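Not measured: the values here are computed from a predicted model. Excluded from the calculations below are hydrogen atoms, water molecules and symmetry mates; all remaining heavy atoms, backbone and side chain alike, are included.
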Amino acid sequence: MKLKYNPVTFLLALLVATVNTGCSDDFLDTKPYDKIIGDQTWSNQQLADAFVTSIYSSVLTENLWLSGYSGVYAMRSESSTKNARQGTLNGSYWSKDMAEGLTNDDNYGWISYNTLWRIHTAMDELSQNEIFPQSFIDEKMGELIFLRGAHYFLYARQYGGLQLIDRVLTLEDDMIIPRSDIRETYDFIIADLEKAASLLPRWSDVKRGRLSREAAYALLMRVANTAAAYVDGGKADSGYYTTTIRAGEALGLNQSGSQLSPYADMFSSYETAVASGEIILPVDASKLTTSLYGVPMQYQGLWYTGNISEYAKQHFPINQTMNFWGMDGGAWPTQDLVDDYMVRDTDGSIKLWQEASYVNTGANVDQKMYFSDAHHRDLRFYATVLYDSCLYFNKSERIFFRRDGNASNSNSPINAGSEEEYGYKAGDRDNYNSDTGYAMIKYHYDNVISLAEPQKQMLDYCFVALRYGEAYLNMAEAYLMQGNEEAAKDFMIPTMVKHGGFSADKAHEYLAPLSGNGYFDSLFEAYKRERNVEMVYECNDRYWSLLRWGIRQSGGYGDGSYAQNGFVIPEMQGVMHGIKISRDGTSYEFFETTNPLGEAKFSPRRYLLPVNRAFAIRAGIKQNPGWE
């Protein structure tokens, strides 16, 4: 349902709606924003363009619960899954969701009335404009429609049905806006993105960071797969999967993966990210205003100020100062994530690392599972995860997460019992470094120096909002859910080859015997692994993908009974795992670990978040199933 308003109700609601919606907006902003910035805005192309551009940051860098499209929280929120353990000294905030600590008093935001007001104001002004060239008007309208659809999707993914607002609101309107149902909401978003694609110029014709036709199609694929699962229960005949496939065809996706670039280049430096042709929509941060404090690497890097054991200093020396606050918001990769990176065995075949021959022939842990010299592991592993004995800090230091290593947390299970065994506290004693045996290198610009005062280290930084790698996997997923297994395999292989470093023949050979799109079927298991290693640390794709697959297994939103009877996602339950490598690096064992609030729990009502109870009452919004 669209809008109906009552001016008296609106005035009362405006007075009482003091709940923080996660944006800095009032309940409803009816200020004439175009008058505030001046009437000349809509008679000057540069000013009009600046007005539209100002809305980009309101949508594309929004720090929603579990992160928006691109932002400092995208990696920190990875600990909402078993891919990562929350930083050592953190409080419980970043894991309360994982441990079922959510309540309907929590506030995870809502659509921004201010953002929508600005979008619709600009649409009105442009639709009436007789000064600007039609090509300019079309492009700006395309950007605005895209931004509206993107904004709605971020919240639809959290809540399902939303209040659908498609024009400027006035005091003559009824201000009680009911939630539309989930199908209406997703159809609204999809219509916006399809319209945006028809208006926006191609990627090759826009400036870096501006929206393009390709960006609209890429986001449309993400939205349509989500809609298929939530609205239609992932049925093979869902029209949403057809929408995904058509968008992928419009993007020119092909079995050779011609649009894919080297994986590490997108995340290892700003210069290589800028040169990457795979990134459809980057969100850049400028060194004029951005320091280490404002990017994920400050909270994901390693800490070293010399406070390690004498044994570590002698056997694993470090010569650099590394002032990255790994404990402060960090998310240490787990063995659960590492296990998803496949291995190229001696005959070139693709296997799980536990099944490869190296486990039996390797002389030490590195030769059994990491292969720091030969790189037998999926190449994305080396571009994502720091592991024991790897090079770090612009390849100037070798890092050891093993027992009594130079980067193993002295308070972690890795060093448990060291005082009794060695007579001293082993490893790194500052309690800032990893306690799983791994750290993150993806999105870490390894050539950037960590100053004593990180806020003074200014840098250019590129967040990736949309890229072709995800598009290929969205295409594969749509075909897989339709039951077209061969087409699904065709679109899984490009990322395995271009990003994982496997040969096309061996990728075909690996996938050939696999089949099925049921949650535990072999082909779907392979797809889940492939998507995880491709998209880890990007906008918490793992979390949203698990929910998408789980709600499909539950039969979709339906009548809301999923909240009581839905599928319980196994990957979101239980303990995580770290690795404890012996001091000499020859043996290992795995250990169980949890986030501060305990092991992971999942109840089906979490397929949609609770609407903040106070806000729902004041705004007349129906609560989601299971959160009443």
Side-chain angles (χ1 to χ4, degrees), residues 2 23 25 29-62 68-70 111-155 164-170 188-220 222-223 247 250-251 279-284 286 463 465-466:
K2 300 278 177 69
C23 313
D25 309 317
D29 187 348
T30 58
K31 294 179 290 187
Y33 196 89
D34 55 324
K35 302 301 180 185
I36 293 174
I37 64 172
D39 293 329
Q40 70 273 23
T41 296
W42 306 109
S43 59
N44 181 294
Q45 280 187 223
Q46 287 183 313
L47 292 178
D49 183 61
F51 183 94
V52 174
T53 301
S54 71
I55 303 172
Y56 272 59
S57 62
S58 299
V59 175
L60 296 180
T61 62
E62 222 175 338
Y69 285 100
S70 52
I111 55 172
S112 168
Y113 303 110
N114 176 273
T115 297
L116 293 172
W117 178 271
R118 290 158 64 202
I119 288 171
H120 294 139
T121 294
M123 285 181 177
D124 278 0
E125 293 289 348
L126 288 167
S127 65
Q128 301 169 41
N129 191 281
E130 298 179 352
I131 301 172
F132 300 154
Q134 190 60 45
S135 59
F136 176 84
I137 292 173
D138 287 346
E139 181 176 353
K140 296 306 112 180
M141 288 293 283
E143 290 177 289
L144 291 164
I145 294 169
F146 177 103
L147 291 168
R148 182 174 67 183
H151 181 69
Y152 265 109
F153 175 57
L154 288 174
Y155 289 97
L164 298 182
I165 302 172
D166 62 358
R167 59 185 172 83
V168 174
L169 308 181
T170 71
F188 180 86
I189 297 166
I190 286 170
D192 266 0
L193 295 174
E194 289 177 334
K195 181 64 175 178
S198 72
L199 293 172
L200 287 166
R202 292 194 174 277
W203 177 83
S204 57
D205 296 327
V206 301
K207 293 181 180 178
R208 178 176 172 80
R210 299 308 294 247
L211 293 169
S212 64
R213 187 177 308 172
E214 288 84 348
Y217 284 130
L219 181 54
L220 178 57
R222 186 188 293 179
V223 172
L251 277 176
I279 301 174
I280 298 171
L281 181 62
V283 177
D284 289 339
S286 169
F463 296 97
L466 294 166

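- Heavy atoms only, all atoms of each residue included: Pro133 and Gln45 are closest at CD-OE1, 3.0 Å.
- Applying the 6.0 Å contact sphere to CD of Gln134 captures more than 12 heavy atoms from other residues, nucleotides or ligands.
- Side-chain contact between Leu147 and Leu211 is present, with at least one heavy-atom pair separated by less than 4.5 Å.
- Between atom CD1 of residue Ile145 and atom CD1 of residue Ile189 there is a gap of 14.0 Å, rounded to the nearest 0.5 Å.
- The shortest distance between side-chain heavy atoms of Lys195 and Phe146 does not fall below 4.5 Å.
- Within the 3.5 Å criterion, the main-chain N or O of Leu193 finds no donor-acceptor partner in the side chain of Tyr217.
- Residues Phe188 and Asp166 meet the side-chain proximity criterion, which asks for heavy atoms closer than 4.5 Å.
- In terms of heavy atoms, Leu126 sits closest to Phe132 at CD2-CD1, 4.0 Å.
- Considering only heavy atoms from C-beta on, Ser212 stays 4.5 Å or farther from Arg202 through its side chain.
- Residues Glu139 and Leu199 have side chains not in contact (no heavy-atom distance under 4.5 Å, counting atoms from C-beta outward).
- In this structure, Val283 and Ala465 approach most closely via the heavy-atom pair CG2-CB, 4.1 Å.
- Under the 3.5 Å distance criterion, the side-chain polar atoms of His151 are matched with a main-chain donor or acceptor of Ser112.
- The shortest heavy-atom contact between Ala218 and Ile280 is CB-CD1, 3.8 Å.
- Nearest heavy atom pair, residue Pro282 against residue Arg208, reads CB-NH2, 3.5 Å.
- Donor-acceptor pairing under 3.5 Å is recorded for the side chains of Ser58 and Arg118.
- Contact check for Leu281 versus Leu219: no side-chain heavy atoms found under the 4.5 Å cut-off.
- Considering only heavy atoms from C-beta on, Trp203 stays 4.5 Å or farther from Arg213 through its side chain.
- The NZ atom of Lys140 sits 10.5 Å away from the OG atom of Ser135 when rounded to the nearest 0.5 Å.
- Distance alone, capped at 3.5 Å, is enough to place a donor-acceptor pair between the Tyr152 side chain and the Ile165 backbone.
- Interatomic distance, CZ of Phe136 versus CE of Met141, reported as 12.0 Å (0.5 Å rounding).
- Here the CG atom belonging to Leu144 is positioned 5.5 Å from the CD1 atom belonging to Ile55, to the nearest 0.5 angstrom.
- Contact between Gly142 and Leu200 at its shortest, heavy atoms only, is C-CD2, 3.7 Å.
- Contact check for Ile111 versus Leu154: no side-chain heavy atoms found under the 4.5 Å cut-off.
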Inset, instruction - Show your working on side chain to side chain contact (heavy atoms under 4.5 Å, CB included) between Met123 and Arg148 and close with a plain yes or no. - result: CA-CA 11 Å; Met123 285 181 177; Arg148 182 174 67 183; 4.1 Å; yes
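- Side-chain contact of Asp124 with Gln128: a donor-acceptor pair under 3.5 Å is absent, judged by distance alone.
- The residues Arg210 and Asp49 are annotated as salt-bridged, a charged nitrogen and a carboxylate oxygen being separated by less than 4.0 angstrom.
- Annotation: Trp42 is in aromatic contact with Phe51 [ring centroid separation under 6.0 Å].
- Atoms CG and CD1, on Asp284 and Ile279 in that order, are 8.5 Å from each other to the nearest 0.5 Å.
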